[in-house]
Amino acid sequence: MSIATIGAFAIGEYPEGVAVMLFYAVGEVFQSMAVTRAKGNIKALLDQRPDEVTIIENNQPKTIKAKETKIGNVIQLKPGEKLALDGELFSDSASFNTAALTGESKPDTKNKGEVVLAGMINMNSIALVKVTTAYEDSKLSKILELVQNATAQKAPTELFIRKFAKVYTPIVVFLAIGICLLPYFIVDDYQFREWLYRALIFLVISCPCALVISIPLGYFGGIGAASRNGILFKGSNFLDSISQIQNVVMDKTGTMTEGVFKVQEVSITSEFNKDEILQLVNALESKSTHPVATAIHNYVGDINHSIPLENVEEIAGHGLKATVNGKELLVGNFKLMDKFNISYDINHANIVYTLIAVAYDKKFAGYITIADSIKEDAKETVNKLHRMGVKATMLSGDKGTVVKYVADQLGIDNAFGDLLPEDKVNKVKEIKARNQTVAFVGDGVNDAPVVALSDVGIAMGGLGSDATIETADVVIQDDKPSKIPMAINIGKQTKKIVWQNIILAFAVKAVVLVLGAGGLATMWEAVFADVGVALLAILNAVRIQRMKF
């Protein structure tokens, strides 16, 4: 652009020289405005942390900096105030607006002891929250970090355009010099001024602004649009990857079901005291973070901390083991019973519900049945995936009959139960061996290996474990399965806009380049071919931020 302007002045084309620089400057302003707006959208959506908090100290409210708040402090939250740190509700109950974190406008009512996250807004009465996580480790801080780092992970198209521009620009400058000087040896009535003008037009047209700015902006807009809907992409490369997904493999508990279990039936053999066994099970399950443990605790009641549990061990995919008064206590699935050679006389395969088997002192003591409810948008999620031509597969460590029952209810193509973490990995490997792309959706610690193996790993970020969220490429903040097809759609729309910009830029530039080299285009057409196309491409890229998904 600088060479073209100086050249235009040199041959006395002052209005056109000024136009080149003026429109170029206008284009730059629009580009920076679009980038600022995209960044601003993401920051406004996510940086919800207040700078100060009110803590209760010696029964008196005291205002301190949010960063100075320590784990164990109790924050007083007035109606309309945002929570600055993660914690658990100290008050009996409170309603929160979670839109900033999850994109969900419906108020979320929490009860005492339940987890509340930074960025939530207290709605009605004064609430007390006990801080459980340091300021820099809160879910919101991690989300902010993920989005800020997202631009570092470039899509292949974006990387190609950057490399292309580096090689393309010097080539174009030499071609322009060629257009100016080579006709001297070929054309009879060569006029330096005319061929210099054509070379300058060629230079202006070939400037790669439209491509270099609009493509990254398209991806950035896609990340922003996803963030507004409670979906976090850790890089623009994952927007590309998710748009090509052929299989979505999902966990059951906490992904397609609520993860909120309730005890349905307790069957303890006559040889054992039912209350005593339930107290032992409740005490042992208190050592686990699995939703089953919560269901048993809600059913049995307070934990008897005087029970002398020793050598507590969690056996992945099986359950829990401990020693009580020198006797072995086993609580888990029937694979755990088989592993420790515990004989039982029931046909557990015929029972649809999730089964928790109990053995004490090398004898089978009975079982507890637990049921989990399917998420309200789970069936519609599977329908949307099918409409997109994406296959749905369910993998779960839960009992086969339960998994089959849930899969049948939802219309899932394939379902496998009774799987250990390594079995899930093998199932995903089988799909990838058929040269098909896989997205895995999960929330538990045991899902982290499969999330890492898949082409796109998706974590449920509300209930999800930190390990899975850390490993995943995409995080769904409100645990709604309906966000899975939405994420795929955002990826597809982003890719479509990026390719529209590439085709528009190349098509217009190619036409005007030919006209310019042939002496049929003026500097004004050249300016439009560069700056005009760049502006159109920017407007097209920004369009994704206004789309409804």
If we ignore angles and hydrogens, is there a donor and acceptor under 3.5 Å between the side chains of Gln500 and Arg543? yes

A side-chain contact here means heavy atoms from C-beta on lying under 4.5 Å apart; do Val249 and Lys427 qualify? no

Is there a donor-acceptor contact under 3.5 Å linking the side chains of Thr109 and Ser95? yes

Please list, chain by chain and in numerical order, all residues satisfying salt bridge (charged side-chain N to carboxylate O under 4.0 Å, His left out) with Lys110, sequence neighbours excluded. Asp108

Does atom CZ (Phe549) have a neighbourhood of more than 12 heavy atoms from anything else shown, all under 6.0 Å? yes

Enter the distance from Ile296:CD1 to Lys262:NZ here, rounded to the nearest 0.5 Å. 15.5 Å

For the residue pair Ile245 and Val248, what are the closest heavy atoms and their distance? CG2-CG2, 4.1 Å

All heavy atoms of Ala84 vs all of Ala118, minimum pair found to be O-CB, 3.5 Å

What distance do Met337 atom CE and Ser343 atom OG have between them, rounded to the nearest 0.5 Å? 11.0 Å

Taking salt bridge (charged side-chain N to carboxylate O under 4.0 Å, His left out) as the test, write out the residues that go with Lys112, two or more places apart. none

Test your reading of the model: is there a side-chain donor-acceptor pair from Lys480 to the backbone of Glu376, 3.5 Å cut-off? no

Please answer whether the main-chain N or O of Ser93 pairs with a side-chain N or O of Asn111 as donor and acceptor at a distance below 3.5 Å. no

Just wondering, are more than 12 heavy atoms of other shown residues or ligands nearer than 6.0 Å to CZ in Phe90? no

Would you be so kind as to tabulate the donor-acceptor pairs closer than 3.5 Å made by side chains of residues 268-278, with sequence neighbours excluded?
residue, atom, partner, partner atom, Å
Thr269, OG1, Ala365, O, 3.4
Glu271, OE2, Lys363, NZ, 3.1
Asn273, OD1, Asp275, N, 2.9
Asn273, OD1, Glu276, N, 3.0

Taking the six-membered ring of Phe340 (Phe, Tyr or Trp), confirm whether the NZ or CZ of Lys362 is under 6.0 Å from its centre and within 45° of its axis. no

For Ile242 and Phe233, the nearest pair of non-hydrogen atoms, with its separation, is CG2-CE2, 3.9 Å

So which atom in Asn122 and which in Ala94 form the shortest heavy-atom distance, rounded to 0.1 Å? OD1-CB, 4.3 Å

Would you say that Glu265 contacts Ile368 through its side chain, given a criterion of any heavy-atom pair below 4.5 Å between the two side chains? no

Please check if the side chain of Thr381 supplies one atom and the backbone of Ser482 the other of a donor-acceptor pair under 3.5 Å. yes

Atom pair OG1/CG of Thr494 and Leu239 - distance to nearest 0.5 Å: 4.5 Å

Please check if any side-chain donor atom of Gln279 sits under 3.5 Å from a side-chain acceptor atom of Asn304, or the reverse. no

Passes side chain to side chain contact (heavy atoms under 4.5 Å, CB included), Met486 versus Ile231? Steps please. CA-CA 9 Å; Met486 187 187 283; Ile231 304 164; 3.9 Å; yes

Lys391 atom NZ: more than 12 heavy-atom contacts under 6.0 Å: no

Would you tell me whether Gln244 and Thr437 have side-chain atoms, one donor and one acceptor, within less than 3.5 Å of each other? no

To the nearest 0.5 Å, what is the distance between CE (Met123) and CD (Glu81)? 14.5 Å

Val129 vs Leu83, side chain to side chain contact (heavy atoms under 4.5 Å, CB included): CA-CA, chis, key distance, verdict: CA-CA 9 Å; Val129 176; Leu83 186 58; 4.2 Å; yes

What is the distance from atom OG of Ser236 to atom NZ of Lys495, rounded to the nearest 0.5 Å? 12.0 Å

Do Phe440 and Thr393 have side chains that get closer than 4.5 Å, going by heavy atoms? no

Return yes if a side-chain donor-acceptor contact under 3.5 Å exists between Asn282 and Tyr299, otherwise no. no

Could you give me the CA-CA distance, side-chain angles and deciding distance for Tyr219 and Asp240, then say whether side chain to side chain donor-acceptor pair (under 3.5 Å) is met? CA-CA 9 Å; Tyr219 284 112; Asp240 258 9; 2.9 Å; yes

Give a yes or no on whether a salt bridge exists between Lys483 and Asp377, defined as a side-chain N under 4.0 angstrom from a carboxylate O. no

Within the structure provided, determine whether Asn333 and His318 are in side-chain contact (heavy-atom separation under 4.5 Å). yes

Among residues at least two apart in sequence or on other chains, which ones pass ring-ring contact (aromatic ring centres under 6.0 Å, His included) with Tyr344? Phe334, His348, Phe364

Show the nearest heavy-atom pair for residues Leu410 and Lys379, with the distance to one decimal. CD2-N, 3.6 Å

Sub-4.5 Å side-chain heavy-atom contact between Leu280 and Ile307: yes

Considering residues at least two apart in sequence or located in another chain, which fulfil the salt bridge (charged side-chain N to carboxylate O under 4.0 Å, His left out) criterion with Lys70? none

Shortest non-hydrogen contact between Ser91 and Ile126, atoms and distance: OG-O, 4.3 Å

Per the salt bridge (Lys or Arg N to Asp or Glu O under 4.0 Å) rule, what does the pair list look like for residues 405-417, sequence neighbours excluded? Lys404-Asp408

Could you tell me whether the side chain of Lys234 and the main chain of Ala472 form a donor-acceptor pair under 3.5 Å? yes

Inspect the contact between Arg387 and Glu380 and indicate whether a charged nitrogen and a carboxylate oxygen are less than 4.0 angstrom apart. yes

Could you tell me if the side chain of Val131 sits less than 4.5 Å from the side chain of Ile75, heavy atoms only? yes

Is there side-chain contact between Leu85 and Thr133, with heavy atoms separated by less than 4.5 Å? no

Start with the C-alpha gap between Val406 and Met394, add the side-chain angles, then the distance that decides, and say whether side chain to side chain contact (heavy atoms under 4.5 Å, CB included) holds. CA-CA 9 Å; Val406 172; Met394 182 180 280; 3.8 Å; yes

Quick check against the 3.5 Å criterion: does Thr69 have a side-chain atom that pairs as donor or acceptor with the backbone of Ala66? yes

Side-chain ion pair, Lys375 and Asp479, N-O less than 4.0 Å: no

Kindly determine whether Thr369 and Tyr367 satisfy side chain to side chain contact (heavy atoms under 4.5 Å, CB included), including the steps that lead there. CA-CA 7 Å; Thr369 64; Tyr367 64 87; 3.6 Å; yes

Taking the side chain as every heavy atom from C-beta outward, state whether Ile484 and Lys384 have any atom pair closer than 4.5 Å. no

Rounded distance [0.5 Å steps], CD1 in Ile458 versus CG in Asp251: 13.0 Å

